[in-house]
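Take a look at the structure below.
Protein chains get the first letters and strands the later ones, always in sequence-line order, with residue 1 at the start of each. Because only heavy atoms are used, hydrogens play no part in the values below, and waters and symmetry mates are left out as well, while side chains stay in.
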Amino acid sequence: MRTSKYLLSTLKETPASAEVISHQYMLRAGLVRPVASGLYTWLPTGLKVLKKVENIVREEMDKAGAIETLMPMVQPADLWQESGRWTDYGPELLRLEDRHHRPFVLGPTHEEVITKLISSELSSYKQLPINLYQIQTKFRDEIRPRFGVMRGREFLMKDAYSFHLSQECLNNTYQDMHSAYCNIFERLGLDFRPVIADTGSIGGDASHEFHVLADSGEDDIAFSDSSDYAANIEKAEALAPDTERGAATAELTKVATPNVHTIEDVSKFFDVAAKDVVKTLLVLGEHEEGETAPVVALVLRGDHELNEIKAEKISGIAAPLTFATDEQIKAVANCDAGSIGPAGLAIDIIVDRSAAVMADFICGANESGYHYTGANFDRDIHNYKVEDIRNVVAGDPSPCGNGKLTIKRGIEVGHIFQLGEKYADAMNAGVLTETGKNQTLTMGCYGIGVSRIVAAAIEQNHDENGIIWPDAIAPFKVVIIPMNMHKSHRVQETAEKLYAELTAAGVEVLFDDRKERPGVMFKDMELIGIPHAIVVGERNIDNAEVEYKNRRSGEKSLIAIDEAVNFVLNQ
RNA sequence: CGGUGAUUAGCGCAGCUUGGUAGCGCACUUGGUUUGGGUCCAAGGGGUCGCAAGUUCGAAUCUUGCAUCACCGACCA
């Protein structure tokens, strides 16, 4: 490709709307352009990268025995009513009507369509197991699209669905997909981790997310420093401390604490660490529709954070987790939010494992403007349950039993889970078994965010000059940068010759034949992130040489013109 | 959805306080100059100042409404 016949569309300045580095570089390097909030046009260079990612995903899925299909993006509402998600899915599901006023949705995922298909196409156990996938545009009407294509509303996704008669069979395919995903991210050249994940609202047994490690990631991942244990912080278990609770030595004493509300205020006021204070959060308990919700107290160490996912799974607590309003707090604890404490509360109390071993601690006194010191469980607080309701923190013991946890940020680029019979049951998908009986299928589902991978790859591979593509997904493998070609026949001849030879050898080569000064070309090509550059200039032609420059290492070397093509092929 | 801020040429911004012919840098076009890291000089083209209503002799500027874009947002108890 010659730049003179191409759409480079690079930008010198960073558009004000771009926050994260991948978004900035995707705009500046001419990969994408915004169309509306969360919607992007892929320019030629961006599309080349997207297609490369897509092809690697496709090849590995095929290799793992999955079969490609393509389902419609617009889906009839009745499929969603059949599965129950027409009401469950919420406002992320974009609903629309056709000219006959029939309701449709823009597909955020395709469990309904695929399960319906399977239920009509499969009839015998002999056809199982089967794993179908597609690479297709999804639409989710996100509350807040951000970070460019990282969290767009429309995005390209690979989604696969497998069907089985037994859990054991599902486990096998699940493992195959796990390995296929590892192969994919290795081929993409990304630093990634499979992590144990929450199964979310879908339920099911096993679930793993695949994260690309990057500081700008939206998820926290907990790792063991001495095993391969890794889990999303939503899921990582905080083990009970192995220390025994100390004996109560202090008297329960009420202290006036005017204008002291937050944990920070309290620890400053008493001059103690946040870990010596207890915080009490009031949330709504489980209740029937229309009934008044009971209130439940959650007790945590002052320096720990509540894990909502863990909390809402505890029986007696309403899901989704809902915090009590100021009025509800007043009614139950008879005070403002800043002075709640577990001592003397006549409601259900759930105490975090780490808070449960504290003794002689400080907590709210359920009277506005007062706290207790010297509070103790069992003596001052009764009828409580101990549960794991906090987020793990760095330094906690790993739940696997080996080592301590460290925490890093990750970008979720893949998610595999076992769905069980939920959809097959709702959509009536079953086959006849060997004994001639109808049996409902069990199902697995496996997603990869193809367009998000492009952004994640940039987050992980860039410097102050621009993108540094891993070779596997670079839009071009090599760029030819001629110095003042329009003034030198020798430079032009050499550059044209190399371009022809590289093209003939099947190398994806960009030939910067613009009538630009060298600095402009260097800057543009580094911004776009082409891994290898051949610089053709008068001064090296005298020795029958050209310069090679590596984008990642920045190293330069001189190579014989005759060797150049082979040299590039070997990179 | 709530809070905050923005909207003036393709991009980045000034002008608004104090109403009176719409500006700067980059990019683009033409000519010259320069030539191994975003040259320099000159001449040009490009804007219903987000939309609508109002105040006024006169609105980018003041008022009101709307739209769009962006950032922040339970972890406070």
Per A:Arg146 side chain, nearest of listed nucleotides B:C13, B:G36, B:C71:
B:C71
If you check every side-chain atom of A:Phe522, which of B:G37, B:A74, B:U35 has the closest atom?
B:G37
Just the rounded figure in Å: distance from C1' of B:C71 to CD of A:Glu218.
14 Å
So what does A:Thr280 touch, heavy atoms closer than 4.0 Å: a base, only the sugar-phosphate, or nothing?
base
Per A:Val520 side chain, nearest of listed nucleotides B:C72, B:G36, B:U39
B:U39
Do we get A:Arg95 above A:Trp86's six-membered ring, with its NZ or CZ under 6.0 Å from the centre and within 45° of the axis?
yes
Atom CE of A:Met521 and atom P of B:U35 are separated, to the nearest Å, by 16 Å
Same-atom distance (C1') from B:G2 to B:G45, integer angstrom
46 Å
To the nearest angstrom, how far is A:Arg153 atom CZ from B:U68 atom C1'?
12 Å
From the set B:U35, B:C69, B:C11, return the single nucleotide nearest to any side-chain atom of A:Ala36.
B:C69
Can a side chain N or O of A:Lys12 be found less than 4.0 Å away from OP1 or OP2 on B:G38?
no
Show, in sequence, the C-alpha distance, side-chain angles and deciding distance for A:Arg551 and A:Asn465, and conclude whether the side chain to side chain donor-acceptor pair (under 3.5 Å) test is met.
CA-CA 10 Å; A:Arg551 174 68 180 90; A:Asn465 292 316; over 6 Å; no
Taking N and O atoms by type only, does the side chain of A:Asn465 place a donor or acceptor under 3.5 Å from a partner on the base of B:G37?
no
Taking only the C1' atom of each, what is the distance from B:U33 to B:G23 in whole angstrom?
28 Å
Going through the distances and angles, do A:Ile349 and A:Leu298 end up as a side chain to side chain contact (heavy atoms under 4.5 Å, CB included)?
CA-CA 6 Å; A:Ile349 299 174; A:Leu298 305 177; over 6 Å; no
Among the nucleotides B:C71, B:G38, B:G36, whichever has the atom closest to the side chain of A:Arg28 is B:G38
Record whether the side chain of A:Glu538 comes under 3.5 Å of the base of B:G36 through a donor-acceptor pair of N or O atoms.
no
Counting side-chain heavy atoms from C-beta on, which of B:G38, B:G36, B:A70 comes nearest to A:Ser17?
B:A70
Regarding A:Glu387 and A:Lys313, does a basic nitrogen lie under 4.0 Å from an acidic carboxylate oxygen?
no
Selection from B:C1, B:C76, B:C71 that lies nearest to any side-chain heavy atom of A:Lys279:
B:C76
Once hydrogens and angles are ignored, does a donor-acceptor distance under 3.5 Å link the base of B:G37 to the side chain of A:Lys549?
yes
Nearest-angstrom distance, C1' atom, B:U64 to B:A22
25 Å
Between A:Val479 and A:Val509, is any pair of side-chain heavy atoms under 4.5 Å apart?
no
Could you let me know what B:C75 is paired to, Watson-Crick or G-U wobble, both distances under 3.5 Å, or none if it's on its own?
none
Taking atom P of B:U68 as reference, at what distance in whole Å does atom CZ of A:Arg144 sit?
17 Å
Winner on side-chain proximity to A:Asn484, out of B:A74, B:G36, B:G37, is B:G36
So which nucleotide from B:C72, B:G38, B:G12 ends up closest to the side chain of A:Glu13?
B:G12
Nearest-nucleotide pick for A:Phe323, side chain only, options being B:C11, B:C76, B:G73:
B:C76
Do A:Glu19 and B:A70 have a side chain to base donor-acceptor pair shorter than 3.5 Å?
no
Quick check: any donor-acceptor pair below 3.5 Å linking the side-chain of A:Glu516 to the base of B:G38?
no
